A.B. asks: 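The structure is given below, and queries will be raised subsequently.
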Amino acid sequence: MDARGYTAAAMNPAPPAGCCIGVFDSGVGGLSVLPALRAALPDARLLYVADSGHAPYGERTEAYIVERSQHIAGFLRAQGAQLLVVACNTATAAAVEALRQAHGDIPVVGIEPGLKPAVALTRHGRVGVMATSGTLSSRKFQRLLLAQPPQVSFHLQACTGLALAIERGDLRSAELQAVVQRHCAPLREAGCDVVVLGCTHYPFAAPLIREALPGVMLVDTAEAVARQTARLAARLPPSTLDLPPLQLWSSGDPAQLSAFTLRWLEWDVEAAALP
C-alpha cells in the first residue's frame, strides 16, 4: 500500500461491485480527489476525464466552461456513470447548476474552496485563498465569501499560470517554483496563517506551497467531497456493467495522463482519448 492508501490490487479488474462514478476536471488536477473517493468508496467504479486539451478553465469564459462540462457529463453518462463529481472549482462555479438541471435524474457533486474549515482553523483571523481568477470572480464564490464571519479577513490570490504549470507535470521545475513563489508572496506578507487551496491542481504543488509559506496550514476539500459523494452513492444500486475499478480519458495527450496517474497516485492505468 502506498502513502495515499492505494494498493496495486485495487486497480486490477474485478467483478462488478458498487456504483459507477464519473469524475472530471479541466485537466489532471482532479486526480487529487481520487484518493479520497477511493478511500470512501472502495468498491466504486471510477471514470475520470481530464479535459487537458481545453485547459486551463480558469482563463475561459463561463459559456465555454458550461459547454465543455455538458459535453463531458454526457460522455461519462454514456459510459455508465450513475453520479457525477465535478472535481474542478472553476467548473463547479460556472457549470454545476446547469449540469444539475440537465442531469436532474442523477446526483451531481461539486467542489468549492474550503472557506468554512479555514475559518475554524485560523488563529489570527487572516485566511488566504489560492484559486483561479474564474473561481474568485464567480457569483458562487462571492456568495460563499459573503457568508463567512466579518471578523475574518480573506486575502484572495488569483494564481494565473499555476494550474498550467502543474499540468506540465514536472513538480520540481524552475517554472513551477517561480509561479508558486510569486503567488505565495502576497499571502505571506499579509500574515495569513491558513491558506485554502481553491483548485484541485494545487494539492500536487503543496510541498512547494509549504516551502513558500512556512508554518501555514493548507486546506484541501477532497475529503469533504468524498464524504458527500459517499452519502449520495449509498442511495444508488450497484452498477450492472462489467467495468474495471478505474478508467481514464483525456482530451489532450492520454499518455501524459497515464504518466501523471502512475507518478502521482502509483496507479498504472492506460488512458484513452476523449472523443
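Keep in mind it's a predicted model, so treat the numbers as computed, not measured. No hydrogens, no waters, no symmetry mates; every other heavy atom, side chains included, goes into these values.
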A.B. asks: Could you go through Gln82 and Ile21, starting from their C-alpha distance and side-chain angles, then the distance that decides it, and tell me whether this counts as side chain to side chain contact (heavy atoms under 4.5 Å, CB included)?
C.D. replies: CA-CA 6 Å; Gln82 300 163 278; Ile21 298 172; over 6 Å; no

A.B. asks: For Leu164, which fellow cluster members are found when Ile, Leu, Val, Met, Phe, Trp and Tyr are connected by side-chain heavy-atom distances below 4.5 angstrom, either directly or through intermediates?
C.D. replies: none

A.B. asks: Give me the atom names and distance for the closest heavy-atom approach of Leu176 to Ala165.
C.D. replies: CD1-CB, 3.8 Å

A.B. asks: Quick one: pull up OH in Tyr48 and CD1 in Ile72 and give me the separation to the nearest 0.5 Å.
C.D. replies: 9.5 Å

A.B. asks: Report yes if some heavy atom in the side chain of Leu265 is under 4.5 Å from a heavy atom in the side chain of Pro35; otherwise report no.
C.D. replies: yes

A.B. asks: Would you list the atom pairs, donor with acceptor, under 3.5 Å between side chains in residues 210-228 and any protein atom, with sequence neighbours excluded?
C.D. replies:
residue : atom : partner : partner atom : Å
Asp220  : OD1  : Ala222  : N            : 3.2
Gln228  : OE1  : Arg231  : NE           : 3.2
Gln228  : OE1  : Arg231  : NH2          : 2.8

A.B. asks: Apply side chain to side chain contact (heavy atoms under 4.5 Å, CB included) to residues Phe141 and Thr90 and explain how you reach the verdict.
C.D. replies: CA-CA 10 Å; Phe141 177 79; Thr90 303; over 6 Å; no

A.B. asks: Holding to side-chain hydrogen bond (donor to acceptor under 3.5 Å, both in side chains), I want the full list of residues that pass it with Glu97, two or more places apart in sequence or in another chain.
C.D. replies: Arg100

A.B. asks: With a 4.5 Å cut-off on side-chain heavy atoms, are Phe24 and Asp51 touching?
C.D. replies: no

A.B. asks: Drop me the distance from His155's NE2 to Leu187's CG, to the nearest 0.5 angstrom.
C.D. replies: 8.0 Å

A.B. asks: For the hydrophobic clusters of this structure (ILVMFWY residues joined by side-chain heavy atoms under 4.5 Å, transitively), does one cluster hold both Leu83 and Leu246?
C.D. replies: yes

A.B. asks: Is there a donor-acceptor contact under 3.5 Å from the side chain of Ser258 to the main chain of Val269?
C.D. replies: yes

A.B. asks: Between NZ of Lys140 and CG of Leu144, what distance do you get to the nearest 0.5 Å?
C.D. replies: 8.0 Å

A.B. asks: Quick one: pull up CG in Leu248 and CG in Leu34 and give me the separation to the nearest 0.5 Å.
C.D. replies: 8.0 Å

A.B. asks: Which pair of non-hydrogen atoms, one from Gly110 and one from Thr92, has the smallest distance, and what is that distance?
C.D. replies: CA-OG1, 3.6 Å

A.B. asks: Tell me whether Ser26 contacts the main-chain N or O of Pro56 through its side chain, where contact means a donor paired with an acceptor under 3.5 Å.
C.D. replies: no

A.B. asks: Considering only heavy atoms from C-beta outward, does the side chain of Leu115 approach that of Val196 to under 4.5 Å?
C.D. replies: yes

A.B. asks: Decide yes or no for Val28 and His201: does some side-chain heavy atom of the first lie under 4.5 Å from some side-chain heavy atom of the second?
C.D. replies: yes

A.B. asks: Look at the side chain of Ser251 and the backbone N and O of Gly53, then say whether any donor-acceptor pair between them is shorter than 3.5 Å.
C.D. replies: yes

A.B. asks: Can you see which heavy atom on Ala118 is nearest to which on Val127, and at what distance?
C.D. replies: CB-CG1, 3.8 Å

A.B. asks: Are Arg38 and Trp267 side-chain neighbours, meaning at least one heavy-atom pair lies under 4.5 Å?
C.D. replies: yes

A.B. asks: Considering residues at least two apart in sequence or located in another chain, which fulfil the ring pair (Phe, Tyr, Trp, His ring centres under 6.0 Å) criterion with Phe260?
C.D. replies: Trp264

A.B. asks: Over all heavy atoms of both residues, which pair between Ala98 and Val66 is shortest? Give the atoms and the distance, please.
C.D. replies: CB-CG1, 4.1 Å

A.B. asks: Check each of Leu145, Leu197, Leu136, Thr135 against Val129 using the side-chain contact (heavy atoms from CB on, under 4.5 Å) test, and report the only one that passes.
C.D. replies: Leu136

A.B. asks: Over 60° means perpendicular and under 30° means parallel, so classify the ring planes of His54 and Tyr64, tilted if in between.
C.D. replies: tilted

A.B. asks: Enumerate the residue pairs fulfilling side chain to side chain donor-acceptor pair (under 3.5 Å) with a member in residues 107-128, sequence neighbours excluded, ordered by first and then second residue.
C.D. replies: Thr122-Asp193

A.B. asks: Closest approach of Ile65 and Ala94, non-hydrogen atoms and distance?
C.D. replies: CG2-CB, 3.9 Å

A.B. asks: Can you tell me how far apart CG (Leu274) and NE2 (His71) are? Round to the nearest 0.5 Å.
C.D. replies: 5.0 Å

A.B. asks: Less than 4.5 Å apart, any side-chain heavy atom of Ile111 and any of Val86?
C.D. replies: no

A.B. asks: Looking at Gly30 and Thr200, what are the two nearest heavy atoms and their distance?
C.D. replies: N-OG1, 3.5 Å

A.B. asks: How long is the span from the SG atom in Cys19 to the CD1 atom in Ile106, to the nearest 0.5 Å?
C.D. replies: 11.0 Å

A.B. asks: Which is it for Val108 and Val96 under the side chain to side chain contact (heavy atoms under 4.5 Å, CB included) test, yes or no, and what are the steps along the way?
C.D. replies: CA-CA 8 Å; Val108 178; Val96 75; 4.0 Å; yes

A.B. asks: Would you mind reporting whether Leu31 and Leu257 have side-chain heavy atoms less than 4.5 Å apart?
C.D. replies: yes

A.B. asks: Without swapping roles, check the side chain of Tyr57 against the backbone of Thr132 for a donor-acceptor pair under 3.5 Å.
C.D. replies: no

A.B. asks: Dump the intermediate steps for side chain to side chain contact (heavy atoms under 4.5 Å, CB included) on Gln70 and His103, then the final yes or no.
C.D. replies: CA-CA 9 Å; Gln70 294 285 23; His103 302 276; 3.6 Å; yes

A.B. asks: Could you tell me which residues satisfy salt bridge (Lys or Arg N to Asp or Glu O under 4.0 Å) with Asp105, sequence neighbours excluded, listed by chain and number?
C.D. replies: Arg77

A.B. asks: In the structure I gave you, are the side-chain heavy atoms of Met130 and Leu162 within less than 4.5 Å of one another anywhere?
C.D. replies: yes

A.B. asks: For Ser133 and Ala158, indicate whether the former's side chain and the latter's backbone hold a donor-acceptor pair under 3.5 Å.
C.D. replies: no

A.B. asks: Given the rule that I, L, V, M, F, W and Y join up when any side-chain heavy atoms are under 4.5 Å apart, are Val179 and Val195 in one cluster?
C.D. replies: yes

